[in-house]
Amino acid sequence: MLVMARASERDGESPLPLYHRIYLVLRQRIAEGQWKPDAAMPGEHDLALGFNVSRITIRRALERLEREGLINRRRGSGTFAQPGGEGAPIRQDLGGLLENLVVMGRKTSARVLAFGYAVAPAEVSAALEVPARDNVQRSVRVRSHRGQPFSHLTAWVPEEIGHGFGRADLARRPLLILLKEAGFAPAEADQLISARPADATVAEALQVEVGSALLYVRRQVRDARGRAVEYLQALYRPDLYEYHMGMRRVSRFGRSLWTTQTESAD
């Protein structure tokens, strides 16, 4: 039985085009294995009825899925799902966070969109613990994997630390490595994970629709002496990047609690 979430052609509340919202739903269902590769998916007519939209809208969603290699449309036979057409998303393990970030940086490529020095906004000066209106280094990078952009990274570094490397270095090497070589090896990080919609600039850089939901990460990094050496605001495509955290049940003070695997059970 075909069960679809209803969508209205007249729904103007979402900033995302209707075909893109349907594309996201279909993409998720393909990833979850709702349709087996050896059995045809519902046709355009049935999908249009299920979503309560026109066949043109469904066709646009299917065309995008086909471009991404997630479906195979065979004339006279139907449309077939191809789960994993783009490969598995990059996974970031929260255990060993800084080490994993360095490894990921080496396995991906970066393009520097902006680089320079400017007066730190209030939020940045507070995070880097520098005097208000001090200059800081600001860089904006887009990181890609297998040719697909998956993250938009805006990083701030105190000015005297930033002078140890330049724009070309950021295009070739992970920032955490550059900080280490400059004598400010990252030792700990405080991180917040949330979600934000893509604005026009980020949407263009990550090749998504304006308003698309993105994974938002805000991170403050300190060196072994406790100095704040980096403040990062990062946006990730959730279809290409995910966080992973293992948990286990432990006994503490006579109570049974859930804890992350990286925490001490003592």
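Along the sequence shown, residues carry numbers from 1. Hydrogens, waters and symmetry mates play no part in the numbers below; they use all other heavy atoms, side chains included.
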S.K.: Do Asp239 and Phe150 touch side chain to side chain, with heavy atoms closer than 4.5 Å?
M.R.: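 Heavy-atom side-chain distance check fails, nothing below 4.5 Å.
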
S.K.: So, do Asn135 and Val119 sit near enough that their side-chain heavy atoms are less than 4.5 Å apart?
M.R.: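 Yes, close enough: below the 4.5 Å cut-off.
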
S.K.: Under a 4.0 Å threshold between the charged nitrogen and the carboxylate oxygen, would Asp223 count as salt-bridged to Arg225?
M.R.: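 Counted as a salt bridge, because a side-chain N and a carboxylate O are separated by less than 4.0 Å.
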
S.K.: Cation-pi check for Phe115 against Arg167: NZ or CZ below 6.0 Å from the six-membered ring centre and within 45 degrees of the axis, yes or no?
M.R.: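 Here Arg167 fails the 6.0 Å and 45° test against Phe115.
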
S.K.: Taking atom CZ as the centre, does Arg73 end up with more than 12 heavy-atom neighbours from other residues, nucleotides or ligands that are less than 6.0 angstrom away?
M.R.: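 It does: Arg73 CZ has more than 12 such atoms within range.
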
S.K.: Does Ile56 CD1 have over 12 foreign heavy atoms under 6.0 Å away?
M.R.: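 For Ile56, atom CD1 is not crowded (no more than 12 foreign heavy atoms under 6.0 Å).
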
S.K.: Please examine the side chains of Ile22 and Val53, heavy atoms only from C-beta on, and report whether any two atoms are closer than 4.5 Å.
M.R.: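 Touching, per the 4.5 Å side-chain cut-off.
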
S.K.: Enter the distance from Asn72:CG to Thr79:OG1 here, rounded to the nearest 0.5 Å.
M.R.: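 Asn72 atom CG to Thr79 atom OG1 measures 8.5 Å (nearest 0.5 Å).
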
S.K.: Thinking salt bridges, do Arg227 and Glu129 make one under a 4.0 Å N-O criterion?
M.R.: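 No, this pair does not count.
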
S.K.: For Arg218 and Gln233, what are the C-alpha separation, side-chain angles and deciding distance, and is it a side-chain hydrogen bond (donor to acceptor under 3.5 Å, both in side chains)?
M.R.: CA-CA 5 Å; Arg218 189 178 69 208; Gln233 291 185 347; over 6 Å; no

S.K.: Can Arg219 and Asp190 be said to form a salt bridge (charged side-chain N to carboxylate O under 4.0 Å, His left out), step by step?
M.R.: CA-CA 6 Å; Arg219 183 185 305 129; Asp190 182 66; over 6 Å; no

S.K.: CZ of Arg249: more than 12 outside heavy atoms within 6.0 angstrom?
M.R.: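 Above 12, so yes.
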
S.K.: How long is the gap from OG1 on Thr57 to CG on Leu47, to the nearest 0.5 Å?
M.R.: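 Atom-to-atom, Thr57:OG1 and Leu47:CG are 12.0 Å apart.
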
S.K.: With heavy-atom distances below 4.5 Å as the criterion, would you say the side chains of Val157 and Val136 are in contact?
M.R.: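 A side-chain contact is absent here, since even the closest heavy-atom pair is not under 4.5 Å.
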
S.K.: Does a donor on one side chain and an acceptor on the other come within less than 3.5 Å for Glu209 and Tyr23?
M.R.: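 No, no side-chain donor-acceptor contact under 3.5 Å.
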
S.K.: So which of Gln148, Arg143, His145 actually passes side chain to side chain donor-acceptor pair (under 3.5 Å) with Thr108?
M.R.: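 Going through Gln148, Arg143, His145 one by one, the side chain to side chain donor-acceptor pair (under 3.5 Å) with Thr108 is satisfied by Arg143 alone.
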
S.K.: With rounding to the nearest 0.5 Å, note down the distance linking CG in Leu70 to CD1 in Ile30.
M.R.: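 CD1 of Ile30 is found 5.5 Å from CG of Leu70.
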
S.K.: Can you measure from OG (Ser194) to CG (Leu214) and round to the nearest 0.5 angstrom?
M.R.: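 The CG atom of Leu214 is 11.5 Å from OG of Ser194, to the nearest 0.5 Å.
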
S.K.: Could you check whether any side-chain heavy atom of Trp35 comes within less than 4.5 Å of a side-chain heavy atom of Pro42, counting everything from C-beta outward?
M.R.: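 Trp35 vs Pro42: side chains touch.
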
S.K.: Between Arg59 and Glu63, is there a salt bridge with N-O shorter than 4.0 Å?
M.R.: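 Not counted as a salt bridge, because no side-chain N and carboxylate O are separated by less than 4.0 Å.
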
S.K.: Answer yes or no: is there an ion pair linking Arg222 with Glu230, defined by an N-O contact shorter than 4.0 Å?
M.R.: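 Salt bridge absent between Arg222 and Glu230.
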
S.K.: Determine whether Gln220 and Tyr231 satisfy the following criterion, side-chain hydrogen bond (donor to acceptor under 3.5 Å, both in side chains), listing intermediate values before the conclusion.
M.R.: CA-CA 5 Å; Gln220 180 200 54; Tyr231 181 57; over 6 Å; no

S.K.: Take atom CZ of Arg60 as the centre, draw a 6.0 Å sphere, and report whether it contains more than 12 heavy atoms from other residues, nucleotides or ligands.
M.R.: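 Counting other residues, nucleotides and ligands, CZ of Arg60 stays at 12 neighbours or fewer.
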
S.K.: Any side-chain heavy atom of Tyr236 within less than 4.5 Å of one from His152?
M.R.: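 Result no, sub-4.5 Å side-chain heavy-atom pair not found.
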
